[in-house]
Enquirer: 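I'd like to ask some things about the structure below.
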Amino acid sequence: MTAPAARVIGLDIDTADIRAADHLLHRLAARLPLPAGALACTHRLRVPEPRVGLSLELPDTRWASALWHRLTAPDLREELREVGGTELTAVLGDRLLTPAPTVSTDPGGGAGGTVPGGAVIPGSGGDRRETGERAAPAPRAARAAAAAPRADGVRAVLFPGSAGVPGTLTIGELLRTTAIERAEVLGGAVPQEGAPLDTRGHLRPEWRDGSLLLRLVPVVGGRYMPFDVPDPHPCCADHA
Amino acid sequence: MGHGHPHGHDHGHDHDHHDEGRPLPAAMDASIPDSELSPEQLSRRGILRRAGLLGAGLAGAGVLAGAGEAFAAAGNGGAVTTGTAAAVAGKPAGPGRKLLWLAGDHHIHTQYSSDAQYRVIDQVRNGVRYGLDWLVITDHGGATHARIGVEKTNPDIRAAREEIPDALVFQGLEWNIPAAEHATVFVHPGKNEVEVLKQFETDYDGGVRGATADTPQNEALAIAGLDFLAEQVQRRRVQDALMLANHPARRGVDSPHEIRNWRDAQPSIAIGMEGAPGHQAAGLPAPTGPGSARGYYGSSPGANSFPGYPAESYRTWGGFDWMTATVGGLWDSLLAEGKAWWITANSDSHRNYADTSARPSGGDFNSEGRYGDPVYSGAPNLTWGDYWPGQYSRTHVGADSFSYAAVMKGMREGRVWVDHGGLISGLDARLRAGGNGKGAGKAVGAKEVTLGGTLHVKRGSRVELVMEIALANGPNWSQFEPTLARVDVIRGAVTGPVPDRDVFTTPDTRVVRSFDVNRSRGSVTLTYDLGPVTEPLYVRMRGTDGNRSQPGLNGAHIDPNGPALDVVGDADPWRDLWFYTNPMWVLPA
C-alpha cells in the first residue's frame, strides 16, 4: 500500500523569496527528468518565521525515489546551491537530506541521505538537528510542504500542461490543455470560454478546494492576464 | 507685496519661523488685492476662490485655541447661501472658529532616494504651482540615507522654506516599518528635526536593521520605533511627530493586527494610512504611458504577506487601496472599533510622467547619498508613473491656522478629506444634533462636529449630516472641468474592539444614501437624516465622477456602485475620479 506522502518531495532552500523558489524549481526541471504528471509548487510558510517551502509531487513512489537519489548527487547539489544560494534540504517520507554535517537516517536502505561535508545553512541560527519541536526551520519547511502539497493557496510553478503554453490562448484552451480546472477574475467573475488570455509566459495557478485555479486580472484590450506576475514594479531600490 | 520678512537674525536658535501666528500666505489674505500678487500667488488664489475660501471664510481672524471636538454654535452663525461656492468652508465651526483647508501631500521623494530624481525645491515649487500648501519630503529609509541623506536633505528643505514661504515643508522619511510596508514619518520643524529623524532611522528602520521579515521580534521593533517618536515629543526634542502607513495593501505585509498594534501603541502618532497610493499615472496605456498597474499595485502574496488577505487586496479599485475602497472592509473594521484611523492620498512622486528631465550621468549615490541635480533630457519620459505633488492627488486638512503645528493637529484630529483630479474644490461636512432633519439652517442650541469629530448626544436624539460641497468650478491639471456625478454616504455601527485583531471586515457598514449631483459649478448642500440615534455609529462620505463602478466586494446590498477594479495597462486616472472623507462619530449616552 503506497502512502501518498512517499510521492511528494518537500524542499527548502532557506529563502522567503518566491522568485528564488521559482528559479530553483525551473533549474530542477531542467536538470531532472520530471514525468508528465509532476507538480512543482511553492508554499508560503511560517516555521515560525516566514519562509517559502517547495514541493515536488510525482505520479508514484518509484519516480519519487528515483528523483530523491538524483537529488543526493553532489554535482547536482552544487549546481542547485549556486542557483538557490544554499544547499537543498529535502524530505521524502521519513528520509531527510540536509546540508548539515550530521547525517540523517535512511531506514529504507539504499545509498541516499548522506551529504559528504555539506555546507552549513546560512542564516538559520541554532540547532540544526531535527529534534521534534525544536526542529530547524529548513526541515520544518520541507516537511510542511511535503505534508500538504495541495493545500489551499499552494502555488503551482510546474503542472501538467504548463510547458509549451503559448503566449496567448483562450480561457477554454487553457482549461482543456493544462491541469488548470478553473479561472476566475479578481472580484469573482468567471471569464467566458473564448476570452483571450495573455500568459506572458508565467502561469502560477493555485490550489483551491482540491483543484487548480488561475486568478486573472483584466488587462488592456478586453483581455486577461494572470494575477501573479513575475516582475511587479520594484518596491524600491534601496533597502540596504 | 505678499509675504516676506527680513532675516536679520541667526538661524541657529530655537525659534524657527514655524510657530503659530505666522501671517497668512498672501494668496489667502483677502486684504491684498490681486494686482499685488505674484503669478504663483494669483494662481493659488484662483484655486481658493473656486472653493469659496476667500472673503468671510479666510481672513484668519478670531481663531480660537483648543476648541475641542463638539461645538455649540451660537444661534444662526451665518446664513446658508446656496448655489455659490462662497458659502462653503467659510462657515464657522464654532463661535468664531474658522478652519483653513490646506491642501498637501505627505509622500514625496527627491534625489535623496535611490529610485527618485528631483531636487527638494523642484517638488516644492511644483507642489505650490499645483495648489498645495504643505508638503512632506519622505525619502526612503536605508543605510545610505541614515548615514548621509537625512543630514544632506535638511539644508535643501530649509532653503525651500525660505524661498517659498507660502509653503509648509516638513522633513520626514519613508520608514521601512519593521515586519511591514512603508510609512510616512515626519516631525514638526525645529532644531532637532535632523537628529531625531536620523536616530529614528538608524535604530528603527527595517532596512537599516535587517528587520523586514514578518516576525514577532520585528513587529515589536516597529512598536518600539513609534514609542521612540512619542518619547521625543514628550521630551520636547520635537514639537510633534506623525506616522501614516503608505500603500498599505500593496504587498499584503501590513497585517490587520499590525495596523491595530501601531494604532493602539501610539494613537497620537500612528494616525492612519494612505487611502489611495501614489503612482497614479502608472496605468496609462502604452505606448503613451507606462502601461502598468495603477498605483504600481502589481504584487501577489509572498511569504511575509498576511495569509488571510484575498487576491483582490493586491490591486487598486478606482485608484484606491482595497483597505479603503471596500465598504465594510479593513478600514471600516477599524472605524467600527470606535477608534481613529484616517486616510490620505498622495503623489509618491519619484519620477513624474512626461517629465523632460533626467538624472545626470556620473556620480555615485551610495557614497554621495544623492543623485546629482536633474538635467534636461530632450524628451518627455512616458514610462514614469507618478504625478507632481498636487497635480492629481490632494490631501485636504482643516487647520486652525497656517502653521506646521496646525496641519499636524488637523491631521491627528481627522479633519481630512482627499480627492483625485480636482473633482471638487471644497468640502464642509457637519454632523449636527437637534436639527429639523432638513438641513435648512441650524436650530438654536444645535451641537455639531466636523470631519474627525465625535458628536455626543442624548440617546434617541435626531442627528443629521449636512455636506456642503464646492464643485470643481474650473479645470483641473489636465485642463478639463470634472463633473461630480454622485455622492455616497456610508454608515457603520460602532461595535467596539474586536476579539480577533486580524479581522478585516465589519458587517454593519454599508452605503445608506446616494445623491445624484451631476454638476461641475457652484456648490451643493446635501443633507442626510440619520434619524434618532440610539447606538454609536460613524458616517463617512465619498463621491465620484461616475465613470467606473461595480458592486462592492461585500455585495451589492452593502455597496451597489463602488469603485471598479483597475485594468492593467488601461487605467487612465483622469477618467476615474473619486473623493473620500474621513469619518465623524455619534456617541449617544
Side-chain angles (χ1 to χ4, degrees), chain A residues 12 14-22 42-53 123 137 141 151-155 184-189 198 200 202 204 206 208 213-240, chain B residues 109 113-116 139-145 174 176 181-182 206-208 210 212-216 250-251 253 279 282-283 285-286 290-293 295-305 307 310-312 314-315 317 350 365-366 385 550-551 553 564-571:
Chain A
D12 177 275
D14 188 28
T15 189
D17 178 7
I18 296 221
R19 307 299 156 217
D22 277 18
T42 60
H43 303 242
R44 291 178 287 132
L45 302 170
R46 299 294 174 109
V47 288
E49 301 204 347
R51 203 164 179 107
V52 176
D152 281 355
V154 171
R155 172 177 166 278
E184 198 178 283
V185 188
L186 255 56
D198 292 333
R200 305 192 174 191
H202 183 90
R204 299 291 185 272
E206 65 184 76
R208 186 67 47 185
L213 162 70
L214 187 69
R215 293 196 192 275
L216 305 174
V217 292
V219 70
V220 58
R223 310 168 73 78
Y224 294 106
M225 62 177 273
F227 160 69
D228 189 314
V229 297
D231 54 354
H233 185 83
C235 177
C236 70
D238 180 25
H239 275 252
Chain B
H109 292 266
S113 286
S114 64
D115 54 355
D139 286 302
H140 287 293
T144 305
H145 186 263
E174 186 162 29
N176 292 299
E181 254 281 14
H182 296 162
V208 173
T212 51
D214 183 30
T215 65
R250 184 175 68 166
R251 292 187 299 118
V253 295
H279 305 311
S292 184
Y296 282 135
Y297 270 40
S299 291
S300 41
N304 285 292
S305 305
E312 285 75 12
Y314 291 82
R315 297 291 180 274
W317 301 78
H350 287 66
F365 184 91
N366 284 326
Q550 69 178 79
L553 291 173
L565 175 65
D566 286 301
V567 178
V568 177
D570 193 11

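What you are looking at is a predicted structure, and each value in this text was computed from that prediction instead of being measured. Here is the naming used below: chain letters follow the sequence lines, and residue numbers restart at 1 for every chain.
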Enquirer: Would you mind checking which part of B:Ser292 comes under 4.5 Å of any heavy atom in chain A, side chain (CB onward), backbone (N, CA, C, O), both or neither?
Expert: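 Neither part.
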Enquirer: In terms of ring plane angle, is the pair A:Phe227 and B:Tyr314 parallel, tilted or perpendicular, where the classes change at 30° and 60°?
Expert: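 Perpendicular, since the angle between the ring planes exceeds 60°.
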Enquirer: Would you name the heavy atoms of B:Ala303 and A:Ala16 that are closest together and state the gap between them?
Expert: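 Closest pair (atom of B:Ala303, atom of A:Ala16, distance): CB-O, 3.5 Å.
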Enquirer: Nearest 0.5 Å, please: how far is OG in B:Ser305 from CD1 in A:Ile18?
Expert: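 It comes to 7.5 Å.
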Enquirer: Which heavy atom of A:Val220 sits nearest a heavy atom of B:Gly569, and at what distance?
Expert: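 Nearest heavy atoms, A:Val220 then B:Gly569: CB-O, 3.4 Å.
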Enquirer: Do any N or O atoms from the side chain of B:Glu312 and from the backbone of A:Gly187 form a donor-acceptor pair under 3.5 angstrom?
Expert: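 Yes, because the side chain of B:Glu312 sits within donor-acceptor range (under 3.5 Å) of the backbone of A:Gly187.
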Enquirer: Considering only heavy atoms and a distance below 4.5 Å, find which of A:His43, A:Arg46, A:Arg19 pairs most often with chain B.
Expert: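 Highest number of heavy-atom pairs under 4.5 Å: A:Arg46.
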Enquirer: Is the shortest side-chain heavy-atom distance between B:Val568 and A:Pro218 below 4.5 Å?
Expert: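 The answer is no; the side chains never approach within 4.5 Å.
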Enquirer: Is it the side chain or the backbone of B:Pro301 that comes within 4.5 Å of chain A heavy atoms, both, or neither?
Expert: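 Both parts, backbone and side chain.
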Enquirer: How many angstroms lie between OG in B:Ser300 and CZ in A:Arg215, if you round to the nearest 0.5 Å?
Expert: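 The CZ atom of A:Arg215 is 11.0 Å from OG of B:Ser300, to the nearest 0.5 Å.
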Enquirer: Rounded to the nearest 0.5 Å, what's the gap from CD on A:Glu49 to CG on B:Asn304? Could you check?
Expert: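 If I round to the nearest 0.5 Å, the distance is 9.5 Å.
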Enquirer: Grab the two heavy atoms, one from B:Arg315 and one from A:Val217, that are nearest each other, plus how far apart they are.
Expert: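 So the minimum-distance heavy-atom pair works out to NE-CG1, 4.0 Å.
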Enquirer: Below 4.5 Å, heavy-atom pairs only: which of A:Glu206, A:Arg44, A:Arg223, A:Arg204 has the largest tally toward chain B?
Expert: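 Of A:Glu206, A:Arg44, A:Arg223, A:Arg204, A:Arg44 has the most heavy-atom pairs under 4.5 Å with chain B.
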